[in-house]
Number of protein chains: 2
Amino acid sequence: MRKGLVEYCILSILARKEAYPSDILAELKEADMIVVEGTLYPLLIRDKNQGLLAYRWVESTQGPPRKYYYLTEKGREALAEMDSAWADMVRSIETLKNRQ
Amino acid sequence: MRKGLVEYCILSILARKEAYPSDILAELKEADMIVVEGTLYPLLIRDKNQGLLAYRWVESTQGPPRKYYYLTEKGREALAEMDSAWADMVRSIETLKNRQ
DNA sequence: ATTTAATACCTTGTTCAACAAAGTACTAAA
DNA sequence: TTTAGTACTTTGTTGAACAAGGTATTAAAT
């Protein structure tokens, strides 16, 4: 019911611009959301296999080439549903909290 | 990181008034948060064993006696931390979403 | 050339919240 | 003394997230 928040965050990040894993981890960290590599990589692979994400190789001047991930159309649709589910969840909590 | 939202909801409900499981399920449902018995009962027992909740038996006119659960002082402290964690999470999502 | 350090990516095994699908026990009315 | 309704419990499963490793590539240092 409320699993997949990390996935939601990652799709949200990639909705703005393509990024490679270290970029994503850095953005999550800036938002005070600590996620480790062992969580991120399998998640990216899973979403790629489901057709939500795709990637392209990009050469780096400071090391090995990087996998830049970006949202597919299917990924944007999935994100739209997650936006809705997240809004529902926030509303649910508010409902519970504001009840007298 | 973001597990335990059901637990958060239940403690929030019990922070207002004591309740027995069916009451809790009804309140969750009103807030559009579907939780099943198989989730609720073990969770109540777990939190009771951790000292966050306690219960008292109350006779019912329509069936067997009920376990009315209520928050302990330790439970209120735990809830305060969850309030903070939830606020952090909402803030994190907003941060990610509002970035240009 | 060869080692070292940094970067990038990947894998295996574990944990535990939540769920599914049962079951048991008690109460009251038929 | 069944039947139906309510209340509570248990066992097994799933899967997101984590912990703790590993391999591969690149560039700089030796």
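Residue numbers start from 1 in every chain, and the chains themselves are labelled A, B, ... in the order their sequence lines are given, proteins ahead of strands. Bear in mind that the values here come from a model prediction, so they are computed numbers and not experimental data.
- One can place CD1 of A/I24 at 9 Å from P of C/dC9, the figure rounded to the nearest angstrom.
- For the pair B/E81 and B/R76, the salt-bridge criterion is not met [side-chain N within less than 4.0 Å of a carboxylate O].
- In terms of phosphate contacts, A/R46 brings no side-chain nitrogen or oxygen within less than 4.0 Å of OP1 or OP2 of D/dG15.
- A salt bridge links A/D83 with B/K97: at least one charged nitrogen is closer than 4.0 Å to a carboxylate oxygen.
- Between A/R66 and A/E59, no side-chain nitrogen of the basic residue sits less than 4.0 Å from a carboxylate oxygen of the acidic one, so the salt-bridge criterion is not met.
- Here D/dT14 presents its P atom at 18 Å from NZ of B/K3, a figure rounded to the nearest Å.
- Distance CG (B/L44) to P (C/dA17): 14 Å, rounded to an integer number of Å.
- Side-chain contact check for B/E30 versus A/T95: every heavy-atom pair is 4.5 Å or farther apart.
- Rounded to an integer number of Å, the gap from A/Q50 CD to D/dA16 C1' is 13 Å.
- In this structure, A/S92 contributes its side chain and B/M33 its backbone to no donor-acceptor pair below 3.5 Å.
- The cationic atom of B/K67 (NZ for Lys, CZ for Arg) lies less than 6.0 Å from the six-membered ring centre of B/Y55 and within 45° of the ring axis.
- Between B/L52 atom CG and C/dA17 atom P there is a gap of 12 Å when expressed in whole angstrom units.
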Checklist outcome for this item: Nucleotide by nucleotide, nucleotides 4-9 of chain D touches protein heavy atoms under 4.0 Å in the pattern (B base, S sugar-phosphate only, - none) -BBSBB
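- Following rounding to the nearest Å, B/L5 (CG) and D/dA16 (C1') show an atom-to-atom distance of 13 Å.
- Atoms CG (B/L11) and C1' (C/dA17) sit 14 Å apart, rounded to a whole Å.
- Counting to the nearest Å, the P atom of C/dA17 and the CG atom of B/L40 are 14 Å from each other.
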